[in-house]
Amino acid sequence: QKEVEQDPGPLSVPEGAIVSLNCTYSNSAFQYFMWYRQYSRKGPELLMYTYSSGNKEDGRFTAQVDKSSKYISLFIRDSQPSDSATYLCAMSVGSGNTPLVFGKGTRLSVIA
Amino acid sequence: SAVISQKPSRDICQRGTSLTIQCQVDSQVTMMFWYRQQPGQSLTLIATANQGSEATYESGFVIDKFPISRPNLTFSTLTVSNMSPEDSSIYLCSVGVGDQPQHFGDGTRLSIL
C-alpha cells in the first residue's frame, strides 16, 4: 500500500460544477496537509495548507482533513475552465522544512 | 513566498552523459529539496540539501548517480549522472521557509535518447 493514494482521473466536469478531489493516507504521523495545483509545463503551486484536522476555506476552495479516517478532500465551487490542471495532495510529519509525500495527482478538466 | 528559478527548463541528452540542474532562490533558505516527477507517478523526493552538510538521500537514490551541491543559502545543483532513458523525468527543486509550506520551481524537463 502506498503512503498516499489519489485517484489520477482524469476528471471532466462542466463549468460551474462543484468538484471534489480526495486522498487517503496510511501514515498517522502526518500532521500537515497541502493541495498543490500544477498547470502543464509548470511547477506545483501551493493552493491550500492545513494543519491537523478541520476545514479551511479560501474563496472557491475548501480543504478538509479527517485524521480519524486518514482522508483529505479539496472542494472547488463554481469551477472555471481556468481550474483545469492537475491537483496534487501532499502531506508531511512536520512543517516547511520537512519532506513532502505526494499523491499521484488528479487531472481535472473544466469544460466551458 | 520565495521565488525559485531552475535552469535549464528542459533538455534532451544522450545516454551515458551527465546534466547539472541549477536551482536559485531569491532569499536565504536552510533546506532545499530535490524531487523527481516521472510520467504518471507521484513526485518523489530524491534528497534534502542542507547548506554546509552532505545531502541526505532517500531510499533508492544514491550520491554517485545524483550528486548534489549546496554552496550557499540561495543556490543548489543536482547532477544526473550517466543518464539512461529511465532518467527521463521532470526534476524539481523546492524550498520551505520557516513553518511555511514548500514552494517549487517550474522544473527541468529531461529527455534521454
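Just so we're on the same page: letters track the sequence lines, and every chain starts at 1. Remember, predicted model here, so these are calculated numbers, not experimental data.
- For B/Gln6, no part sits under 4.5 Å from any heavy atom of chain A, backbone or side chain.
- Residue B/Leu45 touches chain A through its side chain alone, counting heavy-atom pairs closer than 4.5 Å.
- Comment: A/Glu57 engages A/Arg77 in a salt bridge, judged by a side-chain N to carboxylate O separation of less than 4.0 angstrom.
- In this structure, chain B has a heavy atom under 4.5 Å from the side chain of A/Tyr49, while its backbone stays farther away.
- Residues A/Phe33 and A/Tyr25 place their aromatic rings such that the two centres sit under 6.0 Å apart.
- No part of A/Tyr51 comes within reach of chain B, as not one of its non-hydrogen atoms sits under 4.5 angstrom from that chain.
- Classification of the B/Phe33-B/Tyr35 ring pair by plane angle, with boundaries at 30° and 60°, yields tilted.
- Highest contact tally toward chain B, considering only A/Thr86, A/Val4, A/Leu100, A/Leu88, is held by A/Leu100 [criterion: heavy-atom pairs under 4.5 Å].
- Each of A/Lys56, A/Met34, A/Gln64 was compared with A/Met48 under the side chain to side chain contact (heavy atoms under 4.5 Å, CB included) criterion, and only A/Lys56 meets it.
- Applying the side chain to side chain donor-acceptor pair (under 3.5 Å) test to pairs two or more places apart or on separate chains, those with a residue in residues 87-100 of chain A are A/Ser95-B/Asp99.
- In the hydrophobic cluster analysis, where Ile, Leu, Val, Met, Phe, Trp and Tyr join through side-chain heavy atoms closer than 4.5 angstrom, A/Leu47 is grouped apart from A/Phe75.
- To the nearest 0.5 Å, atom CG of residue A/Leu21 and atom CG of residue A/Leu11 are 6.5 Å apart.
- When side chains are defined from C-beta on, B/Tyr91 counts as touching B/Val80, because their heavy atoms get closer than 4.5 Å.
- Between the side chain of B/Asp26 and the main chain of B/Val3, a donor-acceptor pair closer than 3.5 Å is present.
- In the displayed structure, B/Leu73 atom CG is contacted under 6.0 Å by more than 12 heavy atoms of other residues, nucleotides or ligands.
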Under 3.5 Å, which donor-acceptor pairs do the side chains of residues 104-112 of chain A form with other protein atoms, sequence neighbours left out?
| residue | atom | partner | partner atom | Å |
| --- | --- | --- | --- | --- |
| A/Thr106 | OG1 | A/Gln6 | NE2 | 3.2 |
| A/Thr106 | OG1 | A/Asp7 | O | 2.5 |

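- Annotation: residues 47-67 of chain B contacts chain A through B/Thr48 [non-hydrogen atoms, separation under 4.5 Å].
- Within the 4.5 Å cutoff, the side chain of A/Ser79 has no heavy atoms near those of the A/Ile18 side chain.
- Within the 4.5 angstrom heavy-atom criterion, atoms from both the backbone and the side chain of A/Pro99 approach chain B.
- Clustering ILVMFWY residues whenever any of their side-chain heavy atoms sit less than 4.5 angstrom apart, transitively, puts A/Tyr32 in a cluster other than the one holding A/Leu74.
- Only the backbone of B/Gln100 comes within contact range of chain A, judged by heavy atoms closer than 4.5 Å.
- The contact list for residues 101-113 of chain B toward chain A, using heavy atoms and a distance under 4.5 Å, reads B/Pro101, B/Gln102, B/His103, B/Phe104, B/Gly105, B/Asp106, B/Arg109 by residue number.
- For a residue to count as touching a neighbouring chain, one of its non-hydrogen atoms must lie under 4.5 Å from one of that chain's; by this rule A/Glu45 does not touch chain B.
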